Amino acid sequence: MNAPMIPLPAARRATVQRDTKETKIRVSVDLDGRGAARLSTGIGFFDHMLEQIARHGLVDLEVEAQGDLHIDGHHTVEDVGITLGMAVGQAVGDKRGLVRYGHAYVPLDEALSRVVVDFSGRPGLVMNVPFKAGMIGGFDAQLAHEFFQGFANHALVTLHIDNLRGENAHHQCETVFKAFARALRMAVTIDARAGDVVPSTKGTL
């Protein structure tokens with residue numbers, strides 16, 4: 001007797017355009033991609049971090065951002081986080097069959113970070129990353145928090161981020177973004193055993 005066929009999920013892609021007086025952001029995401037990235041934010045190190053999300057999360061990601069960088073990078077980084085959160089939230093749809101939870105530890109030389117994510121439908125961020133430097137290239141390290149806060153608020157996820165050790169701020173930040181990517185990859189995976197069930201005893205997320 002042949003095993004029942006498990007239906008393939010519909011294409012899990014989304015594109016969001018978000019324009020304000022401070023920024024113009026366009027984000028496209030494919031949760032079932034291969035890690036391809038096309039990124040242009042005007043902040044080199046931030047592009048490098050977004051590339052980690054694509055490559056290690058195995059999502060195809062396009063980000064085009066024009067922001068008021070003559071002031072600083074705050075609005076650009078925060079608004080990319082918001083727009084990426086909106087796109088991921090649209091791409092996961094009603095979350096049927098979703099693993100829902102994801103976690104990862106990622107090292108880079110002396111640095112080690114842990115990220116845990118829950119597609120709970122309830123936005124929340126707890127982030128403990130004691131950066132050893134205020135600037136990483138042209139990137140203000142404080143803006144990592146703004147990025148993840150924007151993402152959590154608009155993807156409607158609970159997100160816990162901890163840098164467990166590290167002496168180099170570049171390494172600290174990179175381990176955070178890589179661990180986020182791996183946790184995201186786990187959480188958005190379709191669980192073949194779950195069928196089309198929403199992963200919650202409430203029946204909705």
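Residues take their numbers from the sequence shown, with the count starting at 1. For clarity, every value in this text was computed on a predicted model and none was experimentally measured.
Between the Arg185 side chain and the Gly57 main chain, no donor and acceptor come within less than 3.5 Å of each other. Within the 3.5 Å criterion, the main-chain N or O of Ile25 finds no donor-acceptor partner in the side chain of Thr23. Remark: side-chain polar atoms of Thr41 are not paired, donor with acceptor, to backbone N or O of Glu64 under 3.5 angstrom. Of the possible polar contacts, one joining the Asn163 side chain to the Leu112 backbone as a donor-acceptor pair under 3.5 Å is found. Judged purely by atom type and a 3.5 angstrom limit, Asp68 has no side-chain atom pairing as donor or acceptor with the backbone of Ile71. With hydrogens and angles disregarded, no donor-acceptor distance shorter than 3.5 Å links the side chain of Asp162 to the backbone of Leu164. A donor-acceptor pair under 3.5 Å links the side-chain atoms of Thr175 to the main chain of Gln172, judged by distance alone. Panel note: side chain Glu110, backbone Asn168; a donor-acceptor pair is recorded below 3.5 Å. Proximity of a side-chain donor or acceptor of Asp60 to a complementary backbone N or O of Ala36 within less than 3.5 Å is detected.
With contacts defined as side-chain heavy-atom distances shorter than 4.5 Å, the pair Gln142/Glu146 does not qualify. A heavy-atom distance below 4.5 Å is not found between the side chains of Asp191 and Leu98. For the pair Phe151/Val157, a side-chain contact is recorded, criterion being any heavy-atom separation below 4.5 Å from C-beta on. For the pair Ile53/Phe177, a side-chain contact is recorded, criterion being any heavy-atom separation below 4.5 Å from C-beta on. A 4.5 Å side-chain heavy-atom check between Thr158 and Val117 finds every atom pair outside the cut-off. You'll find the side chain of Leu156 stays beyond 4.5 Å of the side chain of Ser120, heavy atoms only. Two residues are said to be in side-chain contact when any heavy atoms from C-beta on lie closer than 4.5 Å; Thr20 and Asp79 meet this criterion. Put simply, the side chain of Cys173 reaches to within 4.5 Å of the side chain of Phe131, judged on heavy atoms.
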| said: Checking Leu184 against Phe119 for the side chain to side chain contact (heavy atoms under 4.5 Å, CB included) test, could you report, in this order, the C-alpha distance in whole Å, the side-chain angles of both residues, the deciding distance, and whether it holds? | reply: CA-CA 9 Å; Leu184 179 68; Phe119 276 78; 3.7 Å; yes
| request: For the pair Ile161 and Val129, evaluate side chain to side chain contact (heavy atoms under 4.5 Å, CB included) and give the outcome as yes or no after the intermediate values. | output: CA-CA 8 Å; Ile161 300 173; Val129 182; 4.0 Å; yes
- Item | Chi angles and distances behind the ring-ring contact (aromatic ring centres under 6.0 Å, His included) call for His56, Phe180 | CA-CA 9 Å; His56 297 286; Phe180 170 73; over 10 Å; no
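Between Arg96 and Asp94 there is a salt bridge, since at least one side-chain N of the basic residue sits less than 4.0 Å from a carboxylate O of the acidic one. In summary, Arg12 and Asp30 do not engage in a salt bridge, as defined by a charged side-chain N under 4.0 Å from a carboxylate O.
Among Val126, Asp118, Val116, Leu125, the one residue that satisfies the side chain to side chain contact (heavy atoms under 4.5 Å, CB included) test with Leu159 is Leu125.
With rounding to the nearest 0.5 angstrom, the CG atom of Leu143 is 6.0 Å from the NE2 atom of His74. How far CZ of Arg26 is from OG of Ser40: 12.5 Å, rounded to the nearest 0.5 Å. Between the CD atom in Gln17 and the CE atom in Met86 there is a gap of 10.5 Å [rounded to 0.5 Å].
Ring to ring, Phe147 and Phe46 are close: their centroids are under 6.0 angstrom apart. Proximity of the aromatic rings of His48 and Phe139 is defined here by a centroid distance below 6.0 angstrom, and this criterion is not met.
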